[in-house]
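All chains are named by letter (A, B, ...) in the order of the sequence lines, taking the proteins before the strands, and each is independently numbered beginning at 1.
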2 protein chains.
Amino acid sequence: MSEKSKSNLLRDQLAARASAPSKAAQTRSAILDAGRDFLDTNPFRNLTVGTLMAVTGYSRSAFYQHFNDLHGLMEALLDQVKDGIVQGAQPWFVGEGDPVATLQESLTALVDVGYEHGSILRAVSDAAPSDDRLEYVWQAFLGSFDEIVAARIQEDQERGLTPEFDPMPVAHALNRMDAGVLIQAFGTGKTTSKEDVLSGIMRVWLSTLYPFDAASAIQQKQE
Amino acid sequence: MSEKSKSNLLRDQLAARASAPSKAAQTRSAILDAGRDFLDTNPFRNLTVGTLMAVTGYSRSAFYQHFNDLHGLMEALLDQVKDGIVQGAQPWFVGEGDPVATLQESLTALVDVGYEHGSILRAVSDAAPSDDRLEYVWQAFLGSFDEIVAARIQEDQERGLTPEFDPMPVAHALNRMDAGVLIQAFGTGKTTSKEDVLSGIMRVWLSTLYPFDAASAIQQKQE
DNA sequence: ACCTTTAGTGACAGTATGTCAGAAAAGTCA
DNA sequence: TGACTTTTCTGACATACTGTCACTAAAGGT
């Protein structure tokens, strides 16, 4: 019996230490995992609560103890990748160091994380239009970048690095471009090469925001 | 009887001239109209065959004589606006006259047509991810612009008007930007002003494709 | 006016959703 | 450990919408 109680003790300690993966959390994770696996190889439109839960071994109705519906699941999956995306874009956002170099860094990181989490981003973007709430969350997520990018543009305009123009519409346009390109490229399979994606958006960002540097780079190429 | 046969004759001639609005076509049109009306004020996710047909006065099952499903309807609605969009973009596509001026024309026209048909474009883009076929059609539609834009870019590069870069990824990026911006701006309500939309995408297109002209324009502004 | 062809209807089966009362398992404490 | 409370899970149900099919009604031709 000492063995049993020892192992119980151990389990409890571990549970407490890891902030109690309280069965509920475990199941929730299992569902999230199954969701990610499914969306890695299938479009969102083919996901049903039934097939999803069949994979986990739980009953269909167990799903509703952890999520309101499939869109709630998508929201949770989005939360898992949000930070990664925001993190990668920091170099240029913070505004220190060479603007062109940091922008290149940030865009490269963005493409990497897009490549990594393409299927989830694609799935969220696919699922969003069929649900009020998820649509709002998704738009808010994309919109949050608009603010940051517009602010950074304005700074660079004040520093004379970037031509004068209304920052918000341009920020918005550039961000929509990123989203559209990334989701299409890496959403289903890995159809397009990272290089093509990066070269496309990099060119546009650089020539829009730093045309003077870009121009000199171009002049060199033309000779 | 002479009157009757005369009026019959007249009707038949008119019918023949207008290519026979053969009842079927009439009903089809009525459904399409009802669809457009609905989507002008509601998102696609709230459209059901039942509510749609209630408006037309026909039974729900009549719908299926004219369309396979709601996605079929969307495909038909897209066809109605396709031409308008392609038409508006012609000035720059054909490649005659001042590139900057014609690009400005084309983008202005694009924004206009986006403003006009925003709700349909939004609806199609919303509906696409939930249907294999519509998704394909929509992607093909967007993709068709990639080809044309890439070709035009290549011409301008050969003429020395546009810096050297791989045209396809950039064309793709610019087009996704347009689609994303237009649909968001005019898809639901007319939330954003035409001016903002146009200024945003115009700035990006011009500085990417014609940085030399853009640079001089900017220099002027800075003085 | 008659007959053929085309359009429209109501009833039906199918599929997925979300809820709820009750069963089962996990957690708690003497 | 055993009795308890609380949390998690299950099967059965009601609901909503879809797409089809045999049948009726209307349109179109002669």
Note to self: Could you work out, with ring pair (Phe, Tyr, Trp, His ring centres under 6.0 Å) as the rule, every residue matching B:F145, not counting sequence neighbours?
What the structure shows: B:F141

Item checked: Between C1' of D:dC17 and CE of B:M53, the distance in whole Å -> 15 Å

Note to self: Which is more 5' along DNA chain D, the nucleotide nearest B:V49 or the one nearest B:Q26? Just name the residue.
What the structure shows: B:V49

Next item on the list: Write down the distance between OH (A:Y64) and P (D:dG11), rounded to a whole number of angstrom.
Entry: 15 Å

Next item on the list: Tell me which nucleotide among D:dT18, C:dT17, C:dG18 gets nearest to the side chain of A:D69.
Entry: C:dG18

Check: With B:P91, which residues qualify under side chain to side chain contact (heavy atoms under 4.5 Å, CB included), at least two apart?
Finding: B:T102, B:E105, B:S106

Note to self: Could you measure the distance from the CD1 atom of B:I183 to the NE2 atom of B:H117? Nearest 0.5 Å is fine.
What the structure shows: 13.5 Å

Item checked: side chain to side chain donor-acceptor pair (under 3.5 Å) against B:T108, all qualifying residues, sequence neighbours excluded -> none

Notebook entry, point to check: With sequence neighbours left out, which residue pairs that include part of residues 40-53 of chain B fulfil the side-chain hydrogen bond (donor to acceptor under 3.5 Å, both in side chains) condition?
Noted result: A:D132-B:R45, A:E135-B:R45, B:D40-B:S119, B:T48-B:T51

Next item on the list: Scan residues 172-195 of chain A for pairs that pass ring-ring contact (aromatic ring centres under 6.0 Å, His included), counting only residues two or more places apart or in two chains.
Entry: A:Y115-A:F186

Item checked: Interatomic distance, A:L52 CG vs C:dG18 P [rounded to whole Å] -> 13 Å

Next item on the list: For residues B:L142 and B:A179, report the shortest heavy-atom separation together with the two atoms involved.
Entry: CD2-CB, 4.2 Å

Item checked: Rounded distance in Å - CG (A:N68) to P (C:dA16) -> 21 Å

Check: Where along residues 126-137 of chain B does a heavy atom come under 4.0 Å from DNA chain C, residue by residue in number order?
Finding: none

Quick one: side chains of residues 25-34 of chain B, donor-acceptor pairs under 3.5 Å with protein atoms, not counting sequence neighbours, listed by atom name and distance.
{"from": "B:T27", "atom 1": "OG1", "to": "B:K23", "atom 2": "O", "distance (Å)": "2.8"}
{"from": "B:R28", "atom 1": "NH1", "to": "B:H66", "atom 2": "O", "distance (Å)": "3.4"}
{"from": "B:S29", "atom 1": "OG", "to": "B:A25", "atom 2": "O", "distance (Å)": "3.3"}
{"from": "B:D33", "atom 1": "OD1", "to": "B:R36", "atom 2": "NH2", "distance (Å)": "2.8"}

Check: In whole angstroms, how far is the C1' atom of C:dG18 from the CG atom of A:L73?
Finding: 16 Å

Next item on the list: Not counting sequence neighbours, list each pair that qualifies as a side-chain hydrogen bond (donor to acceptor under 3.5 Å, both in side chains) and has a residue in residues 180-191 of chain A.
Entry: A:Q184-B:R176

Next item on the list: Scan residues 30-44 of chain A against DNA chain C and write down, sorted by residue number, each residue with any heavy atom closer than 4.0 Å; if none is found, say none.
Entry: none

Next item on the list: Let me have a per-nucleotide readout for nucleotides 5-12 of chain C, 5' to 3', with B, S or -, counting only protein heavy atoms under 4.0 Å.
Entry: --SBBB--

Note to self: Which residues pass the side chain to side chain contact (heavy atoms under 4.5 Å, CB included) test with A:A171, not counting sequence neighbours?
What the structure shows: A:V149, A:A150, A:I153

Checklist line | Atom pair distance, as rounded to whole Å: CZ in A:R28 and C1' in D:dC9 | finding: 17 Å

Next item on the list: Sequence neighbours left out, what pairs pass ring-ring contact (aromatic ring centres under 6.0 Å, His included) with at least one residue falling in residues 44-63 of chain A?
Entry: A:F44-A:H71, A:F63-A:F67

